[in-house]
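See structure below.
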Amino acid sequence: LDFDQTEKKLYSQMDAYADTFLQWAVLDNKVVIIEGQVGYAKYKRWTKNVNIFDKKLVIVPICLQSHWYLIIIIKPGQILFDAESRQNGEPLFLVLDSLESLSGKKSVKNLRLYVKQEWLAKNPGQPEVSFSKKKMKTVRPRKPEQENITDCGIFLLHYVEKIFNK
């Protein structure tokens, strides 16, 4: 692909992962809660050469029980600043699920664990940072939703397309 400079800059500000990224979060949930690093150890190589805290968007598509939805980690590096000092917006988890009843609560919880472990790995010796609900909100905006049980993948692609067009 031949990207122009604008596209290169845009893509350098985001990162995306396959749906298997969160399989541990859902299927091995008890292991993750008991030992937070177990799930992280399986996936830390995915971000070995990437600092997600420098990204504006980290896009995580998820397939759970044959249902696709999307969680976007927005501006995770802003967690370092208190609310008054943030000049580039606040960090948050954006959940885009076309079947709101599934809403990805466990996935967000486990992404919080992953991001915390990623912070500790990328910033050894630095003070621990809280990625709690209070410090990093979860937002579930109003959006188009599917009216059947089969269109979740199309909706996920639509959500991603809207994000790239902004």
Side-chain angles (χ1 to χ4, degrees), residues 6-7 9-27 29 32-33 36 39-40 43-44 46-47 50-122 129-147 149 151-166:
T6 305
E7 288 171 324
K9 183 178 178 187
L10 173 69
Y11 290 116
S12 72
Q13 296 174 1
M14 64 181 70
D15 217 6
Y17 298 95
D19 73 298
T20 56
F21 179 77
L22 279 182
Q23 291 300 319
W24 67 269
V26 177
L27 299 178
N29 192 40
V32 172
I33 290 171
Y40 178 76
Y43 297 98
K44 67 181 179 181
W46 287 23
T47 56
V50 175
N51 186 347
I52 65 169
F53 302 100
D54 291 338
K55 305 293 180 183
K56 289 184 179 180
L57 301 173
V58 179
I59 300 170
V60 186
I62 300 164
C63 185
L64 177 61
Q65 299 173 350
S66 299
H67 173 65
W68 283 96
Y69 60 99
L70 191 64
I71 298 178
I72 302 173
I73 306 170
I74 298 178
K75 300 179 181 175
Q78 289 294 308
I79 197 77
L80 300 175
F81 306 103
D82 59 23
E84 296 81 36
S85 301
R86 292 182 187 143
Q87 297 177 355
N88 297 317
E90 67 179 304
L92 56 91
F93 292 94
L94 179 67
V95 179
L96 298 172
D97 185 349
S98 59
L99 285 177
E100 198 58 44
S101 61
L102 298 177
S103 71
K105 289 180 182 176
K106 276 189 178 179
S107 297
V108 171
K109 178 180 177 181
N110 286 295
L111 265 177
R112 283 183 197 284
L113 290 172
Y114 179 85
V115 172
K116 178 181 179 181
Q117 292 300 319
E118 183 74 0
W119 171 260
L120 293 171
K122 298 284 189 199
V129 174
S130 172
F131 293 93
S132 67
K133 292 178 187 179
K134 184 178 179 183
K135 297 283 186 179
M136 197 165 173
K137 297 176 187 171
T138 300
V139 176
R140 292 177 176 82
R142 289 181 42 165
K143 68 211 164 311
E145 294 191 4
Q146 68 190 75
E147 296 177 5
I149 61 168
D151 287 345
C152 55
I154 300 298
F155 276 81
L156 180 141
L157 293 172
H158 175 71
Y159 299 149
V160 170
E161 180 182 48
K162 289 293 186 186
I163 290 164
F164 281 102
N165 287 334
K166 294 263 177 194

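Along the sequence shown, residues are numbered consecutively beginning with 1. FYI, side chains are in, hydrogens and waters are out, and symmetry mates aren't considered; it's all heavy atoms of this structure.
Of the listed residues (Gln146, His158, Glu147), just one forms a side-chain hydrogen bond (donor to acceptor under 3.5 Å, both in side chains) with Ser98, and that residue is Gln146.
Classification of the His67-Tyr69 ring pair by plane angle, with boundaries at 30° and 60°, yields parallel.
The side-chain hydrogen bond (donor to acceptor under 3.5 Å, both in side chains) search around Glu90 returns none, not counting sequence neighbours. By the side-chain hydrogen bond (donor to acceptor under 3.5 Å, both in side chains) test, Lys116 is found to be paired with Glu128, residues two or more places apart in sequence or in another chain being considered. Residues forming a side-chain hydrogen bond (donor to acceptor under 3.5 Å, both in side chains) with Lys135 (at least two apart in sequence, or on another chain): none.
Rounding to the nearest 0.5 angstrom, the gap separating the CD1 atom in Ile71 from the CG atom in Leu94 is 9.5 Å. Interatomic distance, OG1 of Thr138 versus NZ of Lys109, reported as 12.5 Å (0.5 Å rounding). Interatomic distance, Leu96 CG to Ile72 CD1, rounded to the nearest 0.5 Å: 5.0 Å. Rounding to the nearest 0.5 angstrom, the gap separating the NZ atom in Lys55 from the OG1 atom in Thr47 is 11.0 Å. Here the CD1 atom belonging to Ile79 is positioned 10.0 Å from the CG atom belonging to Leu92, to the nearest 0.5 angstrom. With values rounded to the nearest 0.5 angstrom, Cys152 atom SG is found 10.0 Å from Tyr159 atom OH.
The shortest heavy-atom contact between Val95 and Lys143 is O-CE, 4.5 Å. Of all heavy-atom pairs spanning Asp97 and Leu99, the tightest one is OD1-N, 2.9 Å. Residue Pro76 comes nearest to Pro91 through the heavy atom pair CA-CB, 4.2 Å, listed as atom of the first residue, atom of the second, then distance.
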Going through the distances and angles, do Leu113 and Asn110 end up as a side chain to side chain contact (heavy atoms under 4.5 Å, CB included)?
-> CA-CA 5 Å; Leu113 290 172; Asn110 286 295; 3.5 Å; yes
Trace of the side chain to side chain contact (heavy atoms under 4.5 Å, CB included) decision for Leu80 with Trp119 | CA-CA 11 Å; Leu80 300 175; Trp119 171 260; 3.1 Å; yes
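Side-chain atoms of Arg112 come within 3.5 Å of backbone atoms of Met136 as a donor-acceptor pair (strictly under, hydrogens ignored).
Within a 6.0 Å radius of CD1 in Ile154, other residues, nucleotides and ligands contribute 12 heavy atoms or fewer.
Side chains of Phe53 and Val129 form no contact here, defined as non-hydrogen atoms less than 4.5 Å apart. With contacts defined as side-chain heavy-atom distances shorter than 4.5 Å, the pair Val139/Ile74 does not qualify.
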